[in-house]
Amino acid sequence: IRFIIETYMAETVNISEMALKLGEEILSRFGWSLVDGPLDENFPCDRIDLHQNKTAKTHPTDCVFRYVDPYSMEGNYFLTDLKSYSAKTLESKQLNPVVRRIADAVECAATSTVWKQRYQQEEDQDVIVHGLLIIYNHDNQYDKDFRDKLSAVLPRSHHLPARSRIYVIGPDDIAY
């Protein structure tokens, strides 16, 4: 049993490392950078009464990417959630709760002093926090149209700060 658990844990770590590497390789092409802050770290939820998962008192941050908008000079931060699923899991996965969790995290990150201390760079006075959900198909067997699956997500049910957005990079986008 110990061998199976250690093997599974090592596989999970490798998958998350692959997803992080993939994110860096894709996003660095746009001039974005990985923020020098803790990876795979939780920060406290400031709005437990409003967020759906009231038992979790924290929000995850797998990593944070940043770019400065060349027109407005605003620091745009992308609280990133890296997900890696097999095709079988992805086919049955409901995306609305996954998007809801990242929306809740963005809502808290926008005002969280803990999150800002960890990730916001000193030179950025005006900051916008966005959510970035990267969904990777690690067995490369998902052959359905991911946009169809994503269209079932109800965007109006997620509360975000006024200028914040959630972006999803799915298996199709990654393959492209």
Side-chain angles (χ1 to χ4, degrees), residues 7-43 52-53 59-70 74-110 115 118-119 121 127-158 160-161 163-176:
T7 303
Y8 176 74
M9 290 176 68
E11 180 179 331
T12 304
V13 170
N14 290 337
I15 290 169
S16 66
E17 286 175 3
M18 283 190 325
L20 179 58
K21 185 174 191 263
L22 186 60
E24 285 179 300
E25 287 179 8
I26 291 173
L27 299 176
S28 66
R29 294 179 186 260
F30 302 121
W32 297 13
S33 59
L34 181 64
V35 172
D36 186 25
L39 301 175
D40 195 21
E41 187 92 1
N42 290 350
F43 68 98
Q52 217 168 27
N53 188 0
H59 296 290
T61 302
D62 289 339
C63 62
V64 176
F65 290 96
R66 171 187 177 265
Y67 84 92
V68 176
D69 184 293
E74 294 171 318
N76 285 270
Y77 287 77
F78 291 82
L79 184 156
T80 306
D81 191 2
L82 304 166
K83 299 291 187 191
S84 183
Y85 300 115
S86 68
K88 185 177 179 181
T89 302
L90 192 52
E91 285 176 20
S92 64
K93 189 76 176 169
Q94 294 296 319
L95 292 180
N96 210 44
V98 176
V99 173
R100 174 63 187 235
R101 281 191 293 277
I102 197 167
D104 290 349
V106 167
E107 185 179 26
C108 278
W115 195 88
R118 289 179 184 167
Y119 301 105
Q121 297 187 5
V127 169
I128 304 171
V129 180
H130 303 285
L132 177 62
L133 181 58
I134 299 177
I135 299 179
Y136 179 65
N137 172 226
H138 62 262
D139 64 9
N140 225 8
Q141 300 295 312
Y142 189 75
D143 60 357
K144 307 236 180 335
D145 187 350
F146 185 75
R147 285 184 176 82
D148 285 345
K149 185 165 191 62
L150 193 57
S151 69
V153 174
L154 307 170
R156 303 263 184 246
S157 66
H158 307 298
L160 290 171
R163 299 184 303 162
S164 296
R165 303 284 181 264
I166 293 183
Y167 300 93
V168 179
I169 297 175
D172 299 343
D173 302 315
I174 292 168
Y176 174 75

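If you're wondering where the values come from, they're calculated on a predicted model, not measured in any experiment. What you see below is based on every heavy atom in this structure, not just the backbone, and it leaves out hydrogens, waters and symmetry mates.
- Pro60 places none of its side-chain heavy atoms less than 4.5 Å from the side chain of Asp40.
- Residues Arg163 and Val127 share a closest heavy-atom pair of NH2-O, 4.4 Å.
- The two residues Asn137 and Ser86 make their nearest non-hydrogen contact at ND2-C, 3.4 Å.
- When all heavy atoms are compared, the tightest approach of His59 to Cys108 is NE2-SG, 3.3 Å.
- Between the CG atom in Leu160 and the CD1 atom in Ile166 there is a gap of 4.5 Å [rounded to 0.5 Å].
- Among Phe65, Phe30, Trp32, the one residue that satisfies the ring pair (Phe, Tyr, Trp, His ring centres under 6.0 Å) test with Phe78 is Trp32.
- Taken from NZ in Lys83 to CG in Asp62, the straight-line distance is 7.0 Å, to the nearest 0.5 Å.
- We find the CD1-CD distance between Ile102 and Glu107 to be 13.0 Å, quoted to the nearest 0.5 Å.
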Steps toward side-chain contact (heavy atoms from CB on, under 4.5 Å) verdict (Lys149, Lys144): CA-CA 9 Å; Lys149 185 165 191 62; Lys144 307 236 180 335; over 6 Å; no
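- What you find for Tyr119 and Pro38 is that their closest heavy atoms are OH-O, 2.8 Å.
- We find the OG1-OH distance between Thr61 and Tyr77 to be 13.5 Å, quoted to the nearest 0.5 Å.
- Distance check: Asn140 CG to His138 NE2 gives 10.5 Å after rounding to the nearest 0.5 Å.
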From CA spacing to verdict: side-chain contact (heavy atoms from CB on, under 4.5 Å), Ile135, Leu95: CA-CA 10 Å; Ile135 299 179; Leu95 292 180; 3.9 Å; yes
Residue pair Trp115, Leu79: steps toward the side-chain contact (heavy atoms from CB on, under 4.5 Å) verdict: CA-CA 10 Å; Trp115 195 88; Leu79 184 156; 3.6 Å; yes
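- Contact between Tyr142 and Asp139 at its shortest, heavy atoms only, is N-OD1, 4.3 Å.
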Audit row: Tyr85, Val98, side-chain contact (heavy atoms from CB on, under 4.5 Å) steps and yes/no: CA-CA 13 Å; Tyr85 300 115; Val98 176; 4.1 Å; yes
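- Shortest non-hydrogen contact noted between Val129 and Ala109 is CG1-CB, 4.0 Å.
- Checking Asn76 against His130 by side-chain atom types alone, a donor-acceptor pair falls below 3.5 Å.
- Looking only at side-chain heavy atoms (C-beta outward), Cys63 and Leu34 come within less than 4.5 Å of each other.
- Of the residues Asp81, Leu82, Val168, Asp173, the one that meets the side-chain contact (heavy atoms from CB on, under 4.5 Å) test with Ile134 is Leu82.
- By the 6.0 Å contact criterion, CG on Asp148 is enclosed, its count of non-hydrogen atoms from other residues, nucleotides or ligands being greater than 12.
- Arg100 CZ to Gln94 CD: the interatomic distance, rounded to the nearest 0.5 Å, is 15.5 Å.
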